[in-house]
Asks: 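Would you mind keeping the following structure in view while I ask a few things?
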Amino acid sequence: MSVIEVRGLTKRYGPQTVVDDLSFTVEAGQVTGFLGPNGAGKSTTMRMIIGLAAPDRGTATIGGRNYRDLAVPLVEVGALLDAGAVHGGRTAYDHLHALAVSNGLPRKRVDAVLARTGMEGVAGKRAGGFSLGMRQRLGIAATLLGEPRVLIFDEPVNGLDPEGIRWVRDLMRSLAAEGRAVLVSSHLMSEMAQTADHLIVIGRGRLIADTAVSELTRTNGEGAVVVRVSDRARFAQQLSAAGATVRDGLESSLVVSGMSAADIGQLAAYHGVALSELTPQRVSLEEAFMELTRDSIEFSGVAA
Amino acid sequence: MSTDVAPRAGFGRTLQAEWIKLRSLRSTWYTLACLFVVGLGITILSSNAAGQAWETATEAERLAWDPTGRSTMTYIVAQLIVGVLGILVVTSEYATGLMGTTLTAMPRRTRVLAAKVLLATAVALVAGEVLMFAAFFIGQPLMAGQNVPTAHLSDPGVVPAVIAGGLYLGAIAVLAIGLGVLMRATAGALATLVGIVFLVPAVAGLFPSWMSGVFDFWPTLGAAAPLGTVPDPDFPHPWLNLTGMCLAIAAVLAAAFIAFRRRDI
Ligand SMILES: Nc1ncnc2c1ncn2[C@@H]1O[C@H](COP(=O)(O)OP(=O)(O)OP(=O)(O)O)[C@@H](O)[C@H]1O
Ligand SMILES: [Mg+2]
């Protein structure tokens, strides 16, 4: 069952089309990573999903309804787009209490989310004095108030230390395990590899990939294969003759690209060559991502 | 859901949430404290200066002497402080990005703004009335001590004039909220408010004469007419002038609602 449904979503700012005919769905029970280079339109898309920005064309619905039509929004969606979006003069408790009351949620939900995010100790402190990590926790606490089926986080690990990143990752995983739909944007591909089940990749507002994490690393990038045989020179010749590109690898291995591991095995059998190793090299998600978005990087640095 | 009662999110809840937000900020209480310290401070100063003013007054000035107006004139500075209260109710949320969080929890924007307007106006009205009555009760005895004519609450026109002071301040709070929504920034909204209540009145004489029709309903000018008890030949129906200002403020508020509904956050 898809929970968030984005159809033909388009947003223009002046002459610039920031989100361009974007369509995707987010499913329950998994973490969907939302990836894209800076300025790709991730935040804008999320703002349209929760009704803070109006699309020029297209729709974004939650459980089939527009966000604005949700009667009690916090029990359906929890969204954190900006951890800084707290009044510094208000205590964490009062901030959460006001949000809970606006949706008719009982006070005990405030205590529950403070406990789940490890914020009980600072509930009575003003948010102005919070570190970035504490603000992220407070923002996440607010999203959990209504125990919603859908969670939306915009770069929740931005600026967090390794322990904080780990905490957020574990939280996302456990929220998905509870059957909730989790949409999370990030710059950290390696992070997504460990957190997300599904990936939506956009560049310049357009959809580039909508795929399972495992698919992306497998299909993308020219997967090379490491091969080890007794007669290296001879097999290298046979591989080249069959159309593969071969170079020398570490410890007298061959690194073959342009041919799948299965085809290499067939070729070896045909020539009666005994393989002592045949290992497909997985492309890292990072590389796959770079590969995908190479053409759509808006702000690319010049290598020195 | 682990909650016992199905949660609901009607207007009452929005109002309650806004009240928690308003009262949980120190700045709200500082602003209100400032309103009374400055407002009553001005009352004390102007009352103490009354003796000398009376001595040097001409016959005509003595005929137009208005003891009640001397107490309610504290509105001139009080309106700015009440304005700050109204502006901050919205611009503090824009400045911190909290408006996004507020509207995520309650996406019905008209309802959110209505709750803010209702609450801030109620606070300003109550504080304004308390301030005006306090100014009257502190100011009159101070003037009596200097053998200057004073007013009693039971004198004709006194209660309406003092009440008008509170109403006037409530209206200015509404104007301030409207400006806050339209400008989305504290500095811009405050500068505009200062321009409206101080600068324009200060240079009113420089404007072409057809503008005087507008100034009859302008804050600090014609709209403040019902705050006195001595009839002003320029304003035969002083309440009409205040009502005119309220209608203009209602128009500003309507524009604010439209902008708030339509704009991206
Ligand atoms: N309110 C706005 N007015 C004009 N342009 C905007 C506005 N908001 C965003 N943009 C532009 O839209 C583009 C997409 O911005 P957006 O914040 O959605 O990207 P993003 O994918 O979230 O980037 P990042 O990874 O840096 O957070 C950017 O070029 C940005 O400059
Ligand atoms: Mg962003």
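Below, chain A is the first sequence line, B the second, and so on; all start at residue 1.
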Asks: Tell me whether the count of non-hydrogen atoms from other residues, nucleotides or ligands lying under 6.0 Å of CZ in B:R261 goes above 12.
Replies: no
Asks: For B:A9 and A:S102, work out which heavy atoms get closest and say how close.
Replies: CB-O, 3.5 Å
Asks: Side-chain atoms of residues 127-138 of chain B: list all donor-acceptor pairs with protein atoms under 3.5 Å, sequence neighbours left out, distances to 0.1 Å.
Replies:
none

Asks: Would you say that more than 12 heavy atoms from the other residues, nucleotides or ligands in this model lie under 6.0 Å from the CZ of A:R7, or not?
Replies: yes
Asks: Are the side chain of A:D82 and the backbone of B:G97 linked by a donor-acceptor contact shorter than 3.5 Å?
Replies: no
Asks: Quick check: do B:K21 and A:H87 have side-chain heavy atoms less than 4.5 Å from each other?
Replies: no
Asks: Got more than 12 heavy atoms from elsewhere within 6.0 Å of CZ, B:R23?
Replies: yes
Asks: When you measure from the side chain of A:D94 to the backbone N and O of B:I20, does any donor-acceptor pair fall under 3.5 Å?
Replies: no
Asks: Mind checking whether A:M48 and B:D264 have side chains closer than 4.5 Å, heavy atoms only?
Replies: no
Asks: Quick check on B:R262 against chain A: is it the side chain, the backbone, both or neither that has a heavy atom closer than 4.5 Å?
Replies: neither
Asks: Hey, which of B:T14, B:T102, B:L25 has the most heavy atom pairs under 4.5 Å with chain A?
Replies: B:L25
Asks: To the nearest 0.5 Å, tell me how far B:T101 OG1 sits from A:L81 CG.
Replies: 8.0 Å
Asks: Please find the pair of heavy atoms, one from A:V101 and one from B:Q16, that lie closest to each other, and give the distance.
Replies: CG1-CB, 3.6 Å
Asks: Can you find a heavy atom in the side chain of B:L98 that is under 4.5 Å from one in the side chain of A:R90?
Replies: yes
Asks: Check whether any side-chain heavy atom of A:N103 sits under 4.5 Å from a side-chain heavy atom of B:R13, and report yes or no.
Replies: no
Asks: Please classify the contact of A:Y93 with chain B as side chain, backbone, both or neither, using a heavy-atom distance under 4.5 Å.
Replies: neither
Asks: Between atom OG1 of B:T104 and atom CG of A:L99, what is the distance when rounded to the nearest 0.5 Å?
Replies: 9.0 Å
Asks: Sort A:L145 into side chain, backbone, both or neither according to what part of it lies under 4.5 angstrom from a heavy atom of chain B.
Replies: neither
Asks: Quick one: CG on B:L103 to CZ on A:R68, what's the gap to the nearest 0.5 Å?
Replies: 8.5 Å
